[in-house]
Every structure is written in C-alpha cells, then in structure tokens.
Participant: 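I'd like to ask you about the structure that follows.
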Amino acid sequence: MSFGPKAAQRLANKVVLITGASSGIGEATAREFASAANGNISLILAARREDKLTTLKADLIQQYPEIKVLSRVLDVSKTSSILSFVKGLPEDFADVSVLVNNAGKALGRSEVGQLKAEDVSEMLDTNVLGLITLTNALLPHFRAKNRGDIVNVGSIAGREAYPGGSIYCASKAAIRAFTGALRKETINSRIRVLEVDPGAVLTEFSVVRNYGDKAAADKVYEDTEPLGPEDIAEAIVFGVTRNLKVVIAETLIFPTHQAGAGVLHRGSLGQ
Ligand SMILES: NC(=O)c1ccc[n+]([C@@H]2O[C@H](COP(=O)([O-])OP(=O)(O)OC[C@H]3O[C@@H](n4cnc5c(N)ncnc54)[C@H](OP(=O)(O)O)[C@@H]3O)[C@@H](O)[C@H]2O)c1
C-alpha cells in the first residue's frame with residue numbers, strides 16, 4: 001500500500017525497532033515501513049533466526065538503496081539480554097523512535113491440567129516478559145526525547161479467552177493491561193501507545209502453535225479467507241503515520257468471515 005507523501009515525511013529519518021521481524025507480521029511491517037518511507041528510514045530487525053533477518057535486510061536494501069537496516073539476533077524471552085541489546089545499538093540506530101513489540105507465539109492447545117510447563121514459560125516469557133522488559137528498557141529514552149511510538153501487537157485472544165488457549169489468551173490479556181496502563185502513564189508526554197489486535201492471520205503462527213505440523217496448521221484456515229500479514233502491517237504503519245496529536249489507541253482487525261475468537265464462518269462468503 002502507498003501511504004503518500006505526508007506519511008513519508010512523518011517517517012523520514014525515524015529509527016524503527018521491530019521484534020519478530022523474521023516472518024509474518026513483523027516482516028510485513030518492516031516492508032510496509034520501508035515502502036511508506038520510500039526507504040528514508042532506519043529499521044532494526046530483531047528475532048532469533050539470523051538467516052531470515054539477513055535475507056530480509058538484503059531484500060530491503062536492494063529495493064530501497066538508501067534505507068539503513070540493522071539486523072540483530074534477539075531472543076526476547078531471554079530478558080536478561082534485553083538491556084545490553086538496547087545499550088549495544090550502534091550510534092546510527094540508538095535513537096529509536098518507534099518500537100513495534102510484535103514477537104510472540106502460541107504453543108499447543110492443551111487445556112489446564114494438561115499444560116506443558118515449558119510451553120507455559122515460553123509463551124509468558126516471550127509474549128509478556130519480553131515485551132515488558134524491552135519497553136521498560138526503551139521508555140527512559142522516549143521520555144528524554146519526549147516522543148516515541150510504542151505499538152504492541154496483541155490479539156483477539158487478549159479480549160476473548162477460549163478453551164485450549166488459557167496461557168496464550170492470558171499472555172495477550174496481560175499485554176492489553178500493560179498497554180492500557182502505559183498509555184495512561186504517558187499522557188503527560190508526546191509518547192503514543194498503540195495496540196493492534198489481529199484476528200486470524202496466515203503466517204507461521206499456526207505452524208509454531210502446532211509444533212511444526214504444517215497439515216494441522218493448514219486445517220486452522222481451511223475454507224476461510226484469513227488476513228495476510230500485510231493487512232496488519234498496514235494498520236501498524238497507518239497508526240504510526242497519523243498526525244502527532246492522534247493516537248489510534250486500539251485496533252481490532254478481523255478477516256470478513258470472523259467475528260470473535262473462534263467465531264469463524266467456513267465456506268463461501270458469496271460474490
Ligand atoms: N497469526 C495470527 O493469526 C495472529 C493473530 C493475533 C495475534 N498474532 C500475534 O502477532 C505476532 C506475530 O505473529 P505472526 O502471526 O507474524 O507469527 P510468526 O510468523 O510465527 O512470527 C512470529 C515472529 O516472532 C518471532 N519470535 C518468536 N519467538 C521469539 C523470541 N523468543 N524472541 C524474538 N522473536 C521471537 C519469530 O522469529 P524467530 O522464530 O526467528 O525468533 C517470528 O519472527 C505475535 O505476537 C502473535 O501472537 C498473530
């Protein structure tokens with residue numbers, strides 16, 4: 001999507017840090033920022049899979065020769081590494097002004113009583129503690145500059161809990177509570193806090209949730225028309241490129257056939 005010259009101007013020379021940039025919504029968001037800024041932007045791409053980040057970086061540079069891209073391996077669930085990650089950003093990239101907290105996952109669909117301790121920890125450490133720790137590490141910088149956008153990727157799961165989703169839903173509800181408190185804490189500043197809550201999006205999300213079982217993941221989207229990651233990326237970039245006095249505080253985005261967590265129409269929607 002093209003956001004036009006006003007958006008490009010508003011993004012000019014910004015430094016945008018995106019977690020979970022190696023696939024899905026994070027990758028699409030990196031591409032959307034690059035496009036909306038016509039390459040006049042600096043992107044920090046963070047995730048665990050270095051090869052994916054390197055490929056994305058090369059792709060972006062080929063498409064937008066003037067863009068600045070830093071790819072950094074970061075496991076947000078290893079919260080003790082986050083402060084040194086932030087402090088270790090090279091000078092060119094240290095003045096972060098947009099943080100997209102996107103890294104996240106669901107693991108399994110076990111009900112309570114059958115939960116695997118390692119899945120519980122991984123979901124909470126990644127989705128909740130990682131997001132909180134990174135935001136906490138960057139906020140003093142945003143405060144000092146009296147500006148900055150924090151975009152937290154939540155989920156419909158944070159608004160409506162469903163069976164088999166206790167921990168994932170709890171993690172996204174925690175993000176929602178954290179985001180709400182942060183927005184209230186920062187109203188005495190130019191800092192903007194946005195939450196984007198997707199419904200069903202076709203990414204690696206369900207493959208990860210099903211422990212790599214692609215056939216099981218495909219079943220999730222059978223006979224439906226899920227969103228693409230670019231649909232969420234558009235909403236993120238739209239929010240960040242509004243006039244500075246505007247905060248698109250919350251955005252809930254469904255595909256047409258969805259109206260809630262697990263409320264999906266399967267089959268044709270007609271012409
Ligand atoms: N897809 C959906 O239907 C949907 C719906 C609502 C909300 N969401 C949310 O959207 C966000 C992005 O998910 P997606 O759909 O784009 O799924 P995805 O394609 O699986 O992408 C997830 C991203 O998170 C990264 N990640 C996972 N664990 C990480 C860790 N410990 N440290 C750093 N990065 C990590 C992954 O990269 P590495 O594996 O390389 O680290 C990957 O880049 C998540 O927060 C998810 O909960 C998705």
Side-chain angles (χ1 to χ4, degrees), residues 17-32 44-57 71-82 85 99-107 109 118-119 121-134 151-162 165 167-176 178-179 195-212 214 217-218 220-221 224-233 235-236 251-255 257-258 260-262 264:
L17 165 56
I18 303 167
T19 66
S22 60
S23 78
I25 294 167
E27 175 183 343
T29 300
R31 292 186 188 279
E32 194 67 61
I44 306 169
L45 311 175
R48 295 166 306 169
R49 286 171 295 176
E50 192 170 18
D51 54 330
K52 296 258 183 192
L53 294 177
T54 308
T55 306
L56 175 59
K57 177 179 174 176
S71 64
R72 277 281 154 100
V73 171
L74 174 69
D75 182 340
V76 295
S77 72
K78 307 259 186 298
T79 52
S80 59
S81 68
I82 288 181
F85 165 83
L99 166 62
V100 183
N101 277 315
N102 163 74
K105 65 181 52 150
L107 289 170
R109 283 191 163 267
E118 62 273 23
D119 286 352
S121 310
E122 191 171 340
M123 279 187 270
L124 294 179
D125 290 352
T126 307
N127 301 2
V128 184
L129 295 184
L131 180 147
I132 291 173
T133 308
L134 183 55
V151 185
N152 290 337
V153 178
S155 170
I156 176 60
R159 300 178 184 225
E160 283 179 41
Y162 53 84
I167 305 307
Y168 180 63
C169 295
S171 77
K172 292 296 183 178
I175 291 174
R176 193 160 167 71
F178 177 77
T179 306
E195 179 173 326
V196 176
D197 292 341
V201 190
L202 185 56
T203 62
E204 292 177 13
F205 178 83
S206 286
V207 178
V208 172
R209 180 169 220 166
N210 287 287
Y211 308 107
K214 175 84 170 62
D218 288 345
V220 175
Y221 306 104
T224 69
E225 216 177 295
L227 299 169
E230 62 285 351
D231 297 315
I232 306 304
I236 292 171
T251 314
L252 175 62
I253 311 172
F254 289 136
H257 67 268
Q258 184 178 16
L264 293 164

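First listed ligand is number 1; within each ligand, the first listed atom is number 1.
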Participant: Indicate yes or no: does Arg49 engage Glu204 in a salt bridge with an N to O separation below 4.0 Å.
Facilitator: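 Judged by the 4.0 Å cut-off on N to carboxylate O distance, Arg49 and Glu204 do form a salt bridge.
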Participant: Quick check on Lys105: does its NZ atom have over 12 non-hydrogen neighbours (other residues, nucleotides or ligands) under 6.0 Å away?
Facilitator: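 Counting other residues, nucleotides and ligands, NZ of Lys105 exceeds 12 neighbours.
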Participant: Give the atom numbers and elements of ligand 1 that come within less than 4.0 Å of a heavy atom of Leu74.
Facilitator: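 Listed by number with element: 32 (N), 33 (C).
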Participant: Assert yes or no for the condition that the ring centre distance of Tyr221 to Phe205 is strictly below 6.0 Å.
Facilitator: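 No; Phe205 has its ring centre 6.0 Å or more from that of Tyr221.
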Participant: For the side chain of Gln258 and the backbone of Ala200, is there at least one donor-acceptor N/O pair under 3.5 Å apart?
Facilitator: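 Yes; at least one donor-acceptor contact below 3.5 Å.
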Participant: Going by the atom numbers of ligand 1, which of them fall below 4.0 Å from some non-hydrogen atom of Ser22?
Facilitator: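 This gives 36 (C), 37 (O), 38 (P), 40 (O), 42 (C), 43 (O) as the contact atoms.
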Participant: Quick one: nearest non-hydrogen protein atom to atom 22 (C) of ligand 1, plus distance?
Facilitator: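 Here the nearest protein heavy atom works out to Gly104 O, 3.8 Å.
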Participant: Kindly identify the option in Val153, Leu227, Asn102, Ile25 whose heavy atom sits closest to atom 44 (C) of ligand 1.
Facilitator: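 Checking each option, the heavy atom nearest atom 44 (C) of ligand 1 is found in Asn102.
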Participant: Out of curiosity, is Glu27 lining ligand 1, as in a heavy atom under 4.0 Å away?
Facilitator: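 The answer is no: ligand 1 sits nowhere under 4.0 Å from a heavy atom of Glu27.
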Participant: With distance as the sole test, does Thr19 use its side chain to make a donor-acceptor pair with the main-chain N or O of Ala103 at under 3.5 Å?
Facilitator: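 Side chain of Thr19 to backbone of Ala103: a pair is present.
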Participant: Heavy atoms only: which of Ala200, Gly199, Gly228, Ala103 is nearest to atom 4 (C) of ligand 1?
Facilitator: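 Checking each option, the heavy atom nearest atom 4 (C) of ligand 1 is found in Gly199.
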Participant: Any N or O of Ile156 that comes nearer than 3.5 Å to an N or O of ligand 1?
Facilitator: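 No; the residue has no nitrogen or oxygen that sits under 3.5 Å from a nitrogen or oxygen of the ligand.
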Participant: Test the Arg209-Tyr168 pair against the cation-pi criterion, namely NZ or CZ under 6.0 angstrom from the six-membered ring centroid and within 45° of the ring axis.
Facilitator: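 Ring-cation test returns yes.
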Participant: Polar contacts were defined as any N/O atom of the residue lying under 3.5 Å from an N/O atom of the ligand; does this apply to Ala47 and ligand 1?
Facilitator: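 Between Ala47 and ligand 1, no N or O pair is found under 3.5 Å apart.
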Participant: Of the listed options (Ser155, Ser77, Gly24, Ser23), which comes nearest to atom 21 (O) of ligand 1 when hydrogens are ignored and any heavy atom counts?
Facilitator: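 Closest candidate by heavy-atom distance is Ser23.
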Participant: Which residue and non-hydrogen atom of the protein lie closest to atom 29 (C) of ligand 1, and at what distance in Å?
Facilitator: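 Residue, atom and distance for the closest contact: Arg48 NE, 3.5 Å.
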Participant: Work out whether the distance between some heavy atom of Gly130 and some atom of ligand 1 is less than 4.0 Å.
Facilitator: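 For ligand 1, residue contact (heavy atoms, under 4.0 Å) with Gly130 is absent.
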Participant: Using the rule given for side-chain contact (heavy atoms from CB on, under 4.5 Å), can you reason through Leu134 versus Leu99, listing the C-alpha separation, both sets of side-chain angles and the distance that settles it, and then say yes or no?
Facilitator: CA-CA 9 Å; Leu134 183 55; Leu99 166 62; 3.7 Å; yes
Participant: Test side-chain contact (heavy atoms from CB on, under 4.5 Å) on Asn127 and Leu131; report intermediate values, then the result.
Facilitator: CA-CA 6 Å; Asn127 301 2; Leu131 180 147; over 6 Å; no
Participant: Out of Leu129, Thr126, Asp125, which one pairs with Thr79 under the side-chain contact (heavy atoms from CB on, under 4.5 Å) rule?
Facilitator: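 Going through Leu129, Thr126, Asp125 one by one, the side-chain contact (heavy atoms from CB on, under 4.5 Å) with Thr79 is satisfied by Leu129 alone.
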Participant: May I ask you to check if ligand 1 and Gly20 share an N or O to N or O distance below 3.5 Å?
Facilitator: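 Gly20 vs ligand 1: N/O contact under 3.5 Å present.
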Participant: Please state which protein non-hydrogen atom is closest to atom 28 (N) of ligand 1 and give its distance, to 0.1 Å?
Facilitator: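 Here the nearest protein heavy atom works out to Lys105 NZ, 3.1 Å.
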Participant: Would one find more than 12 heavy atoms of other residues, nucleotides or ligands at under 6.0 Å from atom CD of Glu225?
Facilitator: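 Open.
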Participant: Considering only protein heavy atoms, which is closest to atom 46 (C) of ligand 1, and at what distance to one decimal place?
Facilitator: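 The closest heavy atom on the protein side is Tyr168 OH, 3.7 Å.
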Participant: Students should be able to answer this: which protein heavy-atom is nearest to atom 31 (N) of ligand 1, and at what distance?
Facilitator: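 Minimum-distance protein heavy atom for atom 31 (N) of ligand 1 reads Asp75 OD1, 2.7 Å.
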Participant: Tell me: protein heavy atom nearest atom 7 (C) of ligand 1, and distance?
Facilitator: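 The protein heavy atom lying closest is Gly154 O, 3.2 Å.
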